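Read the structure below first, then the notes.
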Amino acid sequence: MTLHEEFRHAHWRRGPARLAALGFLLTVISVAAAQQPSSARITPNFKDADITQIIEAVSAATGKNFIIDPRVGRQQVTMLSTTPMTPEAFYQAFLSILQVYGFVAVQTGNVIKIIPDANARQFPSVDLPDRVSSTSDEIVTQVIAVRNVSAAQLVPILRPLIPQYGHLAAYPASNMLIISDRANNVNRIMRIIRRIDQGGDAEIEVIPMQNASAAEIVRVVSQLIQGAAAAEGGGTNLKLVADDRSNSILLSGEQSARLRVKTLIAHLDTPLESGGDTQVRYLRYSDAEKIAAKLKEQVTGVAAAAPGAAGAAGAGPAAQAERNTTIWADPDNNAIVITAPPKAMRSLMAIVDKLDIRRAQVLVQAVIVEVRADKTAELGINWAVDGSQDNFAVGSFVQPIAGGSIVDIIRGIDNPTSIDPRAIAGTTIGGGRVQDTGTNWAAVLRAIRNDADTNIVATPSIVTLDNQEAQIKVAQEVPFITGQYTNTGGNNNGSVNPFQTIQREEVGTILKITPQINEGDAVILKIEQEASSLSTSTASAVDLITNKRVINTTLLVEDGGTIVLGGLIQNEDRRGEQRVPFLGRIPLIGELFRVRQASKIKTNLMVFIQPKILRDGVQASFETNSKYNYIRDEQKRMGPRFEVVPMLPGEKKSVLPPLPTPAPVDPQAGDGQTGDGPAGASPDDAASTVPAGSPTPAPGQTPPESP
């Protein structure tokens with residue numbers, strides 16, 4: 001009896017001895033498989049056999065090593081065969097058995113794992129399917145390059161053909177498909193893809209425009225194609241590109257689709273009933289008068305630079321086009337009216353498209369911090385002795401202290417109106433004797449201390465367009481006396497007519513700035529910063545003292561960054577003394593013959609600047625909302641105080657109203673660059689509005705705490 005006959009009869013036996021005989025036969029098969037050549041054939045027959053027994057038989061016949069997952073269980077398998085097969089064919093039949101019962105064989109090195117097919121994608125499979133038969137049930141992974149269609153569009157089409165345990169994904173970057181499944185199904189999917197991935201007749205056609213603008217036609221037709229594709233839930237391989245230099249349209253795609261689009265383009269490329277040489281362009285962001293002047297310069301410059309312009313007048317086509325071109329502005333509607341040949345019209349409209357754009361804005365916030373401590377002190381004695389009537393010496397020590405002296409006080413005794421307020425500043429203690437006979441004398445002790453502390457924090461902010469100078473001025477006009485005189489006699493009958501000339505100067509914070517946004521996020525700032533204030537100290541001054549800080553500079557700073565413009569750290573200590581020689585140095589007694597002054601001034605001044613680019617309406621609205629809500633919160637915080645007897649009963653304190661919620665914006669309203677309506681109807685303006693309450697800032701961005 002041959003080996004395969006004994007194998008077949010053993011598996012058809014009945015009774016308790018079947019398992020023992022099967023084990024014996026598997027041993028015989030293993031030994032025989034090792035001794036027989038590779039051309040040996042097997043005719044396996046199983047009926048209600050345990051799947052683990054079949055795995056043992058396959059291992060004995062093929063020499064492969066298996067690891068069985070515990071979830072494989074004890075499946076009862078029936079396999080009937082009447083035709084002898086090779087060990088490799090027996091292994092392929094074994095793979096089919098695993099597929100029927102929901103298992104899969106995954107090879108890792110020299111070991112084959114038997115696991116449920118639901119976990120097949122989690123294990124490495126054969127990545128080179130060329131080594132696997134196309135009819136095999138072995139799990140393989142295939143990468144397929146798609147040439148003519150979109151790989152992403154094939155995924156929903158092919159997904160129903162892949163079992164649940166399989167894997168199908170697209171890699172759009174290289175337009176490839178990744179499939180993991182049994183080899184026979186992968187081979188079927190590849191045949192289907194080859195039939196679908198057929199190169200069409202998508203040649204490129206060049207369609208020159210005679211009357212219309214190629215860019216405008218492409219924009220209109222592209223919107224139509226995209227809208228139709230979105231309604232059908234699919235895509236299209238039709239592509240349109242405008243060539244502005246030749247005013248032509250490049251068209252590629254399937255032939256029937258190209259024919260439909262070419263018919264539409266031919267219909268659009270027809271002269272208008274009004275002649276088509278005059279257009280009214282409503283500007284959205286630019287000034288119509290300025291743009292019109294620039295366009296006239298452009299037309300004149302092109303005509304002058306054209307070949308033949310220096311020869312006979314009007315000989316060249318550029319000069320002819322200049323004569324046929326008229327441009328004027330309508331300031332009321334902020335529109336320009338252009339009459340020109342088609343080629344010149346397209347060139348001028350292209351220039352307007354580039355210039356009439358929304359310019360970025362820059363929010364500039366400055367921080368001016370000044371801490372100043374000014375301390376002065378003066379101490380001294382004035383005295384005078386008149387003993388001439390008693391043949392006694394006459395002498396005095398008179399030195400101004402705090403702007404006054406003993407002479408000012410004596411003069412004020414006779415005429416109180418002549419007393420200067422500065423002459424009695426500080427502490428004054430005096431005494432003396434004034435009689436017609438005898439020795440007269442007078443002495444005054446003067447002491448004064450002046451402390452002035454200044455802590456100024458100013459945060460001016462201003463918003464301006466790119467390359468546009470802006471100025472913010474928060475100041476007072478303070479009068480300063482520049483001259484005075486007294487007019488007596490003449491027509492005034494000897495009466496006194498005092499007259500003063502006054503000049504008003506601005507004292508406060510003045511910020512003048514011109515920003516220039518560079519490529520990227522850097523901003524060049526041309527800054528003129530002035531911060532002035534009235535000093536609290538007026539010692540030794542005939543009028544008010546003004547503290548002025550001025551910075552003129554140009555700097556480069558990143559968007560949102562803070563940079564110091566400049567500053568001053570100054571510590572000034574001065575001491576002075578006026579005394580009588582020799583006598584002023586005598587201890588204790590010398591205090592009667594000297595006047596001392598001391599002053600100490602410490603100044604800390606720093607100026608910081610922070611620019612922030614507002615590229616669109618959302619950022620501008622965010623900054624506006626943050627400042628608006630800050631002021632509103634400050635008003636709420638300074639609410640009405642409790643009063644036992646209300647001074648204004650029933651009157652409420654004014655508070656800013658909350659910001660209104662804008663109306664929803666239709667995203668299909670347009671891009672705001674077509675110029676087909678007045679500037680006030682720009683959909684960009686509506687899209688730039690954000691709801692009240694300030695939108696959520698970007699990571700790392702917080703609203704400023706002060707305006």
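Keep in mind that what you see is a predicted model, and the values were worked out from it rather than measured.
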Is the shortest distance from a Lys or Arg side-chain nitrogen in D353 or R281 to a carboxylate oxygen in the other one below 4.0 Å? yes
Between S626 and E623, is there a donor-acceptor pair closer than 3.5 Å when you use the side chain of the first and the backbone of the second? yes
Does any non-hydrogen side-chain atom of I192 lie less than 4.5 Å from one of R195? no
Identify the two heavy atoms, one from A329 and one from A288, that lie closest to each other, and give their separation to 0.1 Å. CB-O, 3.6 Å
Would a distance-only check, ignoring hydrogens and angles, find a side-chain to backbone donor-acceptor pair under 3.5 Å from D466 to I517? yes
Can you tell me how far the CD1 atom of I462 sits from the CG atom of L363, to the nearest 0.5 Å? 10.0 Å
State, with a plain yes or no, whether a side-chain heavy atom of I327 is found less than 4.5 Å away from one of L348. yes
So which atom in N247 and which in A212 form the shortest heavy-atom distance, rounded to 0.1 Å? ND2-O, 3.1 Å
I would like to know whether L295 and I336 meet side-chain contact (heavy atoms from CB on, under 4.5 Å); could you show each step before the answer? CA-CA 10 Å; L295 293 180; I336 55 175; 3.7 Å; yes
Any donor-acceptor pair under 3.5 Å linking the side chain of S286 with the backbone of L355? yes
Can you tell me if R188 has over 12 outside heavy atoms packed within less than 6.0 Å of its CZ? yes
Partner residues of R359 under the side chain to side chain contact (heavy atoms under 4.5 Å, CB included) criterion, sequence neighbours left out: L465, N467, Q468
In the structure I gave you, are the side-chain heavy atoms of T464 and P515 within less than 4.5 Å of one another anywhere? yes
Separation between OG1 (T141) and NE2 (H167), nearest 0.5 Å, reads 8.5 Å
Could you walk me through whether L659 and T624 pass the side-chain contact (heavy atoms from CB on, under 4.5 Å) check? CA-CA 10 Å; L659 288 172; T624 301; over 6 Å; no
Check the pair V523 / I613 against side-chain contact (heavy atoms from CB on, under 4.5 Å), numbers first and verdict last. CA-CA 8 Å; V523 183; I613 302 175; 3.6 Å; yes
Might you point out which heavy atoms bring Y91 and K64 nearest each other, and give the distance in Å? CE1-CD, 3.6 Å
Any heavy-atom pair between the side chains of S252 and L238 that's under 4.5 Å? no
I'd like to check K262 versus I207 (side-chain heavy atoms, cut-off strictly below 4.5 Å). Are they in contact? yes
Between the side chains of D181 and N185, is a donor N or O closer than 3.5 angstrom to an acceptor N or O? yes
Please lay out, stage by stage, how V261 and L251 fare under the test side-chain contact (heavy atoms from CB on, under 4.5 Å). CA-CA 9 Å; V261 173; L251 177 63; 4.1 Å; yes
Below 4.5 Å, heavy atoms only, C-beta onward: do I513 and L525 meet side chain to side chain? yes
Verify whether one side chain among N187 and N184 offers a donor that lies under 3.5 Å from an acceptor in the other. no
d(L168 CG, Q142 CD) to nearest 0.5 Å is 12.5 Å
Drop me the distance from S246's OG to M209's CE, to the nearest 0.5 angstrom. 10.0 Å
Quick one about S461 and Q365 (side-chain donor to acceptor, distance below 3.5 Å, no hydrogens or angles considered), yes or no? no
Can you check whether L556 reaches N518 side chain to side chain, under 4.5 Å on heavy atoms? yes
Which heavy atom in A151 sits nearest to a heavy atom in N175, and how many Å separate them? N-OD1, 2.7 Å
At their closest point, which heavy atom of T62 faces which heavy atom of V58, and how far apart are they? OG1-O, 2.6 Å
Which residue in the set I189, D197, V146 passes side chain to side chain contact (heavy atoms under 4.5 Å, CB included) when paired with L177? V146
In this structure, CG of L240 is separated from CD1 of I249 (nearest 0.5 Å) by 6.5 Å
Over all atoms of both residues, closest heavy-atom pair of N333 and Y282: O-CD2, 3.9 Å
Do D521 and R615 meet the salt-bridge criterion of a basic N to acidic O distance under 4.0 Å? yes
4.5 Å side-chain heavy-atom contact, I217 and D269: no
S621 side chain vs Q619 backbone, donor-acceptor pair below 3.5 Å: no
List in chain and number order the residues that pass ring-ring contact (aromatic ring centres under 6.0 Å, His included) with Y171, two or more places apart in sequence or in another chain; answer none if no residue qualifies. none
Distance check, rounded to the nearest 0.5 Å: I351 atom CD1 versus R346 atom CZ? 13.0 Å
